[in-house]
Amino acid sequence: MPDKEQPTLLVIDGHSLAFRAFYALPVDSFQTRDGQHTNAIHGFLAMFINLLKAEKPTHLAVAFDISRHSFRTREYADYKGTRGETPSEFVGQVPLLKECLHALGVTTLEKEDFEADDILATLASQGRAEGFRVLVVSGDRDTIQLVNDDVTLLYPSRQGVSDLTRYDVAKVHDRYGIRPEQYPEIAALVGETSDNLPGIPKVGEKTALKWLNQFGSLDAILEHRDEITGVVGNNLREYADNAIRNRKLNRLLTDVELPVGPADLERRPADEQQVREVFARLEFRTLLDRVLKLEGFGGDSEVGQAAAAAAAAAVQNAPTPVTLLDEELTGWFGRQGDSPVAVQVETIDGFPVGVGLGTSTETVFLPWIPNSPDYTPLESWLAGPSPKILFDAKKQIKALSAAGLPLGGLAFDPVIAAWLLKPDSSADRSLAQLVDRHLLETLPTPDPNQLVPETDTAFGPAEEAWYVWRVAEALTALLDERTQRVLTEIELPVLQVLARMELTGVTVSHSQLSALSTELGETAAGIATEAFGIIGREVNLGSPKQLQEVLFDQLDMPKTRATKTGYSTDAGALADLQATNPHPFLGLLLAHRDATKLRQIIESVDKAIAPDHRVHTTYVQTGSSTGRISSTDPNLQNIPVRTEESRRIRQAFQVGEGYETLLTADYSQIEMRIMAHLSGDSGLIDAFHSGEDLHRFVGARIFSVDPADVTPIMRTKVKAMSYGLAYGLSAFGLSKQLRIETAEAKQLMTDYFERFGGVRDYLRNVVVQAKVDGYTETIFGRRRPFANLNSANRVLRDNDERAALNAPIQGTAADIIKLAMIDIDADIAAGGLRSRMLLQVHDELVFDVAAGEWDALEAIVTTRMAGAASLSVPLDVQVGRGLDWDAAAH
DNA sequence: AGTGAGACGTA
DNA sequence: CGTACGTCTCACTT
């Protein structure tokens with residue numbers, strides 16, 4: 001720490017240090033995306049930050065040369081005349097460096113006709129007189145003359161800029177054997193090639209030093225020049241003018257008239273906004289962090305020190321929350337203006353009991369109890385349009401909703417943003433994880449030993465809000481423009497819709513489900529008994545391990561596809577076995593699987609029926625890598641539909657009490673339509689405009705027959721082919737699925753691509769483009785990165801290639817239905833309808849329709865779904881009506 | 001109590 | 001050797 005009695009003045013030769021940094025750091029490694037070189041700036045600032053940390057100056061300035069011309073060039077035109085052109089990569093970095101310094105609150109000085117070192121000398125001299133400890137940083141050896149008991153020179157080493165050698169009087173004596181003020185006399189005799197100042201020929205440091213020790217000064221040496229013998233004596237007499245000239249030129253001026261004196265150079269706080277702006281422009285991320293963590297931009301006063309310490313502490317610890325009431329709270333909200341505030345709702349059993357608010361510098365905690373007029377300002381602010389950041393907003397919106405509190409102004413959700421940036425469905429996106437990853441800090445955890453949190457617990461929602469705010473800021477900086485639009489125009493609006501859908505739930509008949517479950521249980525038991533009779537023993541039919549014993553040991557069936565733990569007993573493998581080795585056990589096993597699987601699903605749904613007779617699923621908005629929404633607890637997106645039996649499950653999903661009917665609406669063949677649009681394939685586009693059945697139309701083209709002559713078998717093959725395309729289906733996979741020869745599957749694919757070459761070109765191009773970009777993009781700008789498209793590992797690469805093929809198609813479909821949901825929700829609200837959205841199953845929506853609202857709702861739904869995107873093919877929407885989900889299907 | 005594998009439901 | 005999910009059971013580990 002600096003001596004409080006003696007303030008420290010740090011003065012730097014900006015130009016010489018920047019130039020050293022320029023040569024110390026590789027030019028190519030430091031440039032912005034638009035090509036601005038930044039190595040000199042980066043090197044200088046890195047050194048500068050280290051200096052501030054190490055020396056803790058109370059006052060500081062950076063001096064620059066204005067041009068190459070000064071009083072010295074007027075006196076001696078060849079001064080510094082040997083210096084070549086300034087490298088073009090260096091030009092332009094100095095103004096930017098000055099901009100950085102100004103943002104950091106640092107005074108820069110320059111004066112026509114003088115060099116930076118003259119400014120340093122003047123400030124050093126004045127500073128000493130005013131009682132400062134002075135640190136001079138310069139790459140020019142002439143500044144050695146400035147060193148004295150109060151002035152120290154920090155001179156950069158040969159290899160870099162951050163490594164500074166400290167020259168005090170003792171060090172100068174060590175190095176040169178002289179007092180600092182004698183250095184220019186030595187330099188005058190020796191000369192300075194870099195300044196194009198020739199000295200006395202054959203006189204080097206050693207001779208000069210000898211003379212100086214012998215006669216005491218340059219003047220004395222010159223006085224006694226006739227006494228010196230030999231060649232050097234002759235040279236001295238002949239070139240004495242050189243030494244006289246050099247001494248005149250290398251004398252640094254200590255009386256330059258400056259607009260400020262040392263006392264005016266007290267450290268000022270950085271303008272954080274400006275620092276962020278200019279550092280962002282220069283793409284200095286790590287430097288920004290270092291600058292922001294730097295303490296002591298608060299001046300040298302006691303208050304300044306305290307503020308600096310507080311600022312430094314704030315990097316690690318959240319500000320202590322305050323509790324505000326009435327007009328204080330209203331005032332606080334007013335002061336936030338249009339700046340976003342992080343909101344963290346504290347809940348007990350899902351019901352709000354308090355609200356934490358956070359900004360970058362403040363935290364507020366507000367207890368909340370229902371129906372208290374004290375909290376009216378909070379409630380109206382929550383409902384209003386002021387921008388808010390909510391971590392896992394849907395959960396919080398639901399909690400607030402339980403207390404009857406609406407939320408408006410949702411501007412950001414770090415969980416969603418992190419997912420958009422890295423949409424791996426399995427990633428950990430907890431607050432602790434995001435703090436760790438994006439702030440490089442550790443989120444404090446509440447004391448685990450404290451079972452009942454104190455009212456003034458050290459870490460609560462307000463502190464969390466502060467972290468949320470900062471995580472949001474860090475994530476915002478990472479969002480490109482398109483991703484930002486996906487967030488604000490799709491994800492945040494649909495988040496609100498999903499919250500309402502979850503709160504609404506869907507009516508499910510417990511009695512129907514339990515009856516069905518019982519029935520299926522009996523069926524399964526009967527099948528099991530029969531199966532046991534056939535194999536002569538009881539096994540667990542749900543155990544693949546035991547089934548393997550039965551099939552491959554006891555019944556001696558041929559081995560099926562290998563798995564990690566043995567051989568497959570899945571439906572496909574069993575069907576293969578049935579074809580080659582017919583056995584009644586196989587059919588019974590499959591039937592048993594069907595029955596128990598259905599029963600499982602029924603049980604899980606039945607268990608989830610809430611007291612309101614409705615099932616409230618949770619939609620996981622970040623649950624997929626493509627943009628789709630997933631559904632859990634229970635999963636209502638995989639309710640069986642294909643078999644007659646399974647439709648009885650859907651019959652248990654019924655119109656809500658007080659509503660007239662269910663409405664279902666789904667997109668037909670949306671992914672094929674998106675593929676037609678993205679590929680621009682004229683054949684496929686024609687197919688969708690023809691009004692003909694898609695697979696019949698495509699089949700007619702491929703098999704060269706009339707649409708009317710496309711047989712069901714042909715149609716099945718074409719259908720499998722079409723759907724498989726968007727998944728990266730191979731000929732082998734197609735043959736497997738259709739149970740045809742690989743050669744035939746290959747021929748089918750060849751014929752397909754011959755007629756629909758645009759599709760093949762598109763699919764090929766998606767992968768090529770993704771290899772170049774590293775990500776795919778939907779037509780609305782949703783990106784999905786891929787890491788292994790260029791991997792040497794074929795399995796990884798092929799997997800990524802197929803996923804990359806599919807991502808824009810599946811993702812665009814997800815975007816489209818989300819946009820439709822947002823529009824439909826808005827229209828329902830605007831129209832004052834009571835009807836409500838219940839379910840989303842990727843390409844299908846289900847609604848409760850209020851009495852008398854069918855026509856209005858159907859119009860809204862079909863219009864908004866069909867109009868959610870403008871593609872080169874129409875979006876076809878099928879609507880159905882019925883009292884249960886099965887009946888409403890069409 | 002938690003985990004991985006296998007199986008299978010949906011779009 | 002077809003994308004994207006969630007959930008169940010079994011079999012195993014802690």
Side-chain angles (χ1 to χ4, degrees), chain A residues 423-426 539-548 560-574 589-590 592-605 607-608 617-643 645-646 649-650 666-672 675 720-738 742 745-746 749 763 766 776 784 794-795 798-811 813-814 817 839-845 885:
Chain A
D424 300 339
S425 57
S426 56
V539 295
N540 186 341
L541 294 176
S543 165
K545 197 186 166 201
Q546 294 181 35
L547 285 176
Q548 286 174 45
T560 56
R561 172 177 61 89
T563 67
K564 282 185 183 174
T565 53
Y567 302 96
S568 174
T569 65
D570 71 17
L574 295 180
L589 178 54
L590 285 168
H592 185 263
R593 285 242 179 95
D594 276 352
T596 50
K597 179 69 179 176
L598 283 183
R599 195 155 176 255
Q600 285 164 11
I601 291 175
I602 290 164
E603 288 298 319
S604 71
V605 173
K607 269 195 296 189
T617 186
T618 301
Y619 290 105
V620 183
Q621 204 174 344
T622 57
S624 82
S625 305
T626 53
R628 275 191 179 177
I629 295 161
S630 73
S631 158
T632 73
D633 197 28
N635 183 356
L636 295 187
Q637 290 178 324
N638 72 340
I639 302 302
V641 67
R642 295 182 206 288
T643 67
E645 277 289 88
S646 67
I649 302 178
R650 294 201 170 212
D666 63 55
Y667 285 113
S668 60
Q669 295 139 348
I670 187 167
E671 296 197 355
M672 283 301 288
M675 188 144 78
M721 175 78 207
S722 288
Y723 277 109
L725 275 179
Y727 303 144
L729 186 67
S730 65
F732 181 86
L734 185 62
S735 73
K736 197 92 172 112
Q737 189 191 331
L738 292 174
T742 316
K746 208 171 254 175
M749 291 183 80
L763 293 172
V766 167
T776 60
R784 176 174 177 186
R794 219 188 76 174
V795 177
D798 286 355
N799 285 344
D800 263 18
E801 283 187 7
R802 287 191 300 273
L805 209 73
N806 175 259
I809 299 168
Q810 191 182 122
I817 195 165
L839 300 175
Q840 191 253 38
V841 193
H842 307 309
D843 68 357
E844 174 185 13
L845 298 173
W885 196 2

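Keep in mind the model is a prediction, meaning the values are calculated, not measured.
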Colleague: To the nearest 0.5 angstrom, please state how far the CD atom of A/Glu645 sits from the CG atom of A/Leu598.
Modeller: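 These two atoms lie 7.0 Å from each other.
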Colleague: Which one, C/dC8, C/dG2, C/dA11, comes nearest to the side chain of A/Ser604?
Modeller: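 From the listed options, C/dC8 comes nearest.
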Colleague: Give one of base, sugar-phosphate or nothing for A/Asp800, where a contact means two heavy atoms less than 4.0 Å apart.
Modeller: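 Counting heavy atoms under 4.0 Å across all strands, no contact is made by A/Asp800.
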Colleague: Could you check how far CD1 of A/Ile670 sits from C1' of C/dT3, rounded to whole Å?
Modeller: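 Taking CD1 of A/Ile670 and C1' of C/dT3, I get 15 Å after rounding.
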Colleague: With rounding to the nearest 0.5 angstrom, report the CG to OG distance, A/Asn638 to A/Ser630.
Modeller: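 So the CG of A/Asn638 and the OG of A/Ser630 are separated by 11.0 Å.
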Colleague: What I'd like to find out is whether the side chain of A/Val605 reaches to under 4.5 Å of the side chain of A/Ile649, using heavy atoms alone.
Modeller: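 They are not in contact (no side-chain heavy atoms under 4.5 Å apart), so the answer is no.
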Colleague: When the distance from CZ of A/Arg599 to P of B/dG9 is rounded to whole Å, what number comes out?
Modeller: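 Roughly 16 Å, once rounded to whole Å.
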Colleague: Could you check which of B/dG9, B/dA7, C/dA4 has an atom nearest any side-chain atom of A/Asp570?
Modeller: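 Given the options B/dG9, B/dA7, C/dA4, the side chain of A/Asp570 is closest to B/dA7.
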Colleague: Check whether any side-chain nitrogen or oxygen of A/Arg784 sits under 4.0 Å from OP1 or OP2 of C/dA4, and answer yes or no.
Modeller: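 The answer is yes; a side-chain N or O of A/Arg784 sits under 4.0 Å from OP1 or OP2.
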Colleague: Of the candidate nucleotides C/dG2, C/dT7, C/dA4, which contains the atom at the shortest distance from the side chain of A/Ser730?
Modeller: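 Among the listed nucleotides, the one closest to the side chain of A/Ser730 is C/dG2.
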Colleague: Would you mind telling me which of C/dG6, C/dC10, C/dG2 lies closest to the side-chain atoms of A/Asn540?
Modeller: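 Closest nucleotide among those given: C/dC10.
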Colleague: What I want to check is whether an N or O donor and acceptor connect the side chain of A/Lys597 with the base of B/dC8 at under 3.5 Å.
Modeller: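 Check passes, donor-acceptor contact within cut-off.
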Colleague: Of the listed nucleotides (C/dT7, B/dG9, C/dT3), which one gets closest to any side-chain atom of A/Ala803?
Modeller: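 Of the candidates, C/dT3 comes closest.
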Colleague: Once you apply a heavy-atom cut-off of 4.0 Å, does A/Ala807 come out as touching a base, just sugar-phosphate, or nothing?
Modeller: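 Result for A/Ala807 = nothing.
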Colleague: Looking at CG of A/Leu763 and CD of A/Glu801, how far apart are the two atoms once the value is rounded to the nearest 0.5 Å?
Modeller: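 If we round to the nearest 0.5 Å, A/Leu763:CG and A/Glu801:CD are 12.0 Å apart.
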Colleague: For A/Leu636 and B/dT10, give me the distance from atom CG to atom P, rounded to whole Å.
Modeller: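 Taking atom P of B/dT10 as the reference, CG of A/Leu636 is at 14 Å.
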Colleague: Between C/dC1 and B/dA5, how far is it from one P atom to the other, in whole Å?
Modeller: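 After rounding to an integer number of Å, I get 15 Å for this pair.
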Colleague: State whether A/Gln546 places a side-chain N or O below 4.0 Å from either non-bridging phosphate oxygen (OP1 or OP2) of C/dA11.
Modeller: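 Result: yes.
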Colleague: Just call it for A/Gly542: base, sugar-phosphate, or nothing, with non-hydrogen atoms closer than 4.0 Å on any strand.
Modeller: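 Sugar-phosphate, backbone atoms only, no base.
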Colleague: Starting the side chain at C-beta, find the nucleotide from B/dT10, C/dG6, C/dT3 nearest to A/Thr632.
Modeller: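 Nearest listed nucleotide: C/dG6.
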Colleague: Base, sugar-phosphate or nothing for A/Ser646? Non-hydrogen atoms, less than 4.0 Å.
Modeller: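 No contact at all - A/Ser646 keeps every heavy atom at 4.0 Å or more from the nucleic acid.
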Colleague: Please confirm whether any donor atom in the side chain of A/Gln737 sits under 3.5 Å from an acceptor in the base of C/dG2, or the reverse.
Modeller: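 Answer yes: a donor N or O sits under 3.5 Å from an acceptor.
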Colleague: Describe the nucleic acid contact of A/Val641 in one word from base, sugar-phosphate, nothing, applying a heavy-atom distance below 4.0 Å.
Modeller: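 Answer is sugar-phosphate: A/Val641 comes under 4.0 Å of backbone atoms only.
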Colleague: Could you state the interatomic distance from OG1 (A/Thr569) to CG (A/Leu589), rounded to the nearest 0.5 Å?
Modeller: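 Nearest 0.5 Å value for the OG1-CG distance: 7.0 Å.
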Colleague: Looking only at side-chain N and O atoms, does A/Thr565 come under 4.0 Å of OP1 or OP2 in B/dG4?
Modeller: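 Checking B/dG4 against A/Thr565, no side-chain N or O comes under 4.0 Å of OP1 or OP2.
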Colleague: I want to confirm an ordering. Mapping A/Pro544 and A/Asp798 to their closest nucleotides on DNA chain C, which one lands closer to the 5' end?
Modeller: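 In this pair, the answer is A/Asp798.
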Colleague: Separation of A/Gln840 atom CD from B/dA11 atom C1', in whole Å?
Modeller: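 The answer, rounded to whole Å, is 10 Å.
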Colleague: CG of A/Asn638 versus C1' of C/dC8: gap in Å, rounded?
Modeller: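 In whole Å, C/dC8 C1' and A/Asn638 CG are 10 Å from each other.
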Colleague: Check whether the side chain of A/Asn635 and the base of C/dG6 form a donor-acceptor pair under 3.5 Å.
Modeller: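 It does not, because no donor-acceptor pair links the side chain of A/Asn635 to the base of C/dG6 below 3.5 Å.
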Colleague: Looking at A/Ser624, I'd like to know whether one of its side-chain N or O atoms comes within less than 4.0 Å of OP1 or OP2 on C/dA4.
Modeller: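 For C/dA4, neither OP1 nor OP2 has a side-chain N or O of A/Ser624 closer than 4.0 Å.
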Colleague: Between atom CG of A/Asn806 and atom OG1 of A/Thr776, what is the distance when rounded to the nearest 0.5 Å?
Modeller: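 Separation between the atoms: 9.0 Å.
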Colleague: Using a cut-off of less than 4.0 Å, is there contact between a side-chain N or O of A/Thr563 and OP1 or OP2 of B/dG6?
Modeller: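 For B/dG6, OP1/OP2 do have a side-chain N/O of A/Thr563 under 4.0 Å.
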Colleague: Under 4.0 Å, counting only non-hydrogen atoms across every strand here, what does A/Ser631 touch: a base, just sugar-phosphate, or nothing?
Modeller: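 Here A/Ser631 touches the backbone only, sparing every base.
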Colleague: Do the side-chain N or O atoms of A/Lys545 get closer than 4.0 angstrom to the phosphate oxygens (OP1, OP2) of C/dC12?
Modeller: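 Checking C/dC12 against A/Lys545, a side-chain N or O does come within under 4.0 Å of OP1 or OP2.
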Colleague: Could you work out which one of B/dA11, B/dA7, C/dT7 sits closest to the side chain of A/Arg642?
Modeller: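 Of B/dA11, B/dA7, C/dT7, B/dA11 is nearest to the side chain of A/Arg642.
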Colleague: Go through the N and O atoms of the side chain of A/Arg628 and the base of B/dA11, and report whether any donor-acceptor pair is under 3.5 Å.
Modeller: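 Check passes, donor-acceptor contact within cut-off.
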Colleague: Measure CD/A/Glu645 against P/B/dC8 and give the value in whole Å, please.
Modeller: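 Atom-to-atom, A/Glu645 to B/dC8, this comes out as 17 Å.
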Colleague: Closest approach to the side chain of A/Gln600, judged atom by atom: which nucleotide of B/dT10, C/dT9, C/dC10 is it?
Modeller: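 Per side-chain heavy atoms of A/Gln600, the pick is C/dT9.
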Colleague: Check every atom of B/dA7, C/dA11, B/dC8 against the side chain of A/Ser543 and return the nucleotide holding the closest atom.
Modeller: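 My answer, after comparing the listed nucleotides, is C/dA11.
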Colleague: Take atom CD of A/Gln637 and atom P of C/dC8, then tell me their distance rounded to the nearest Å.
Modeller: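 Taking atom P of C/dC8 as the reference, CD of A/Gln637 is at 15 Å.
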Colleague: How close do A/Tyr619 and A/Gln840 get, counting heavy atoms only, and between which atoms?
Modeller: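 Looking at all heavy atoms of both residues, the closest pair is OH-N, 3.2 Å.
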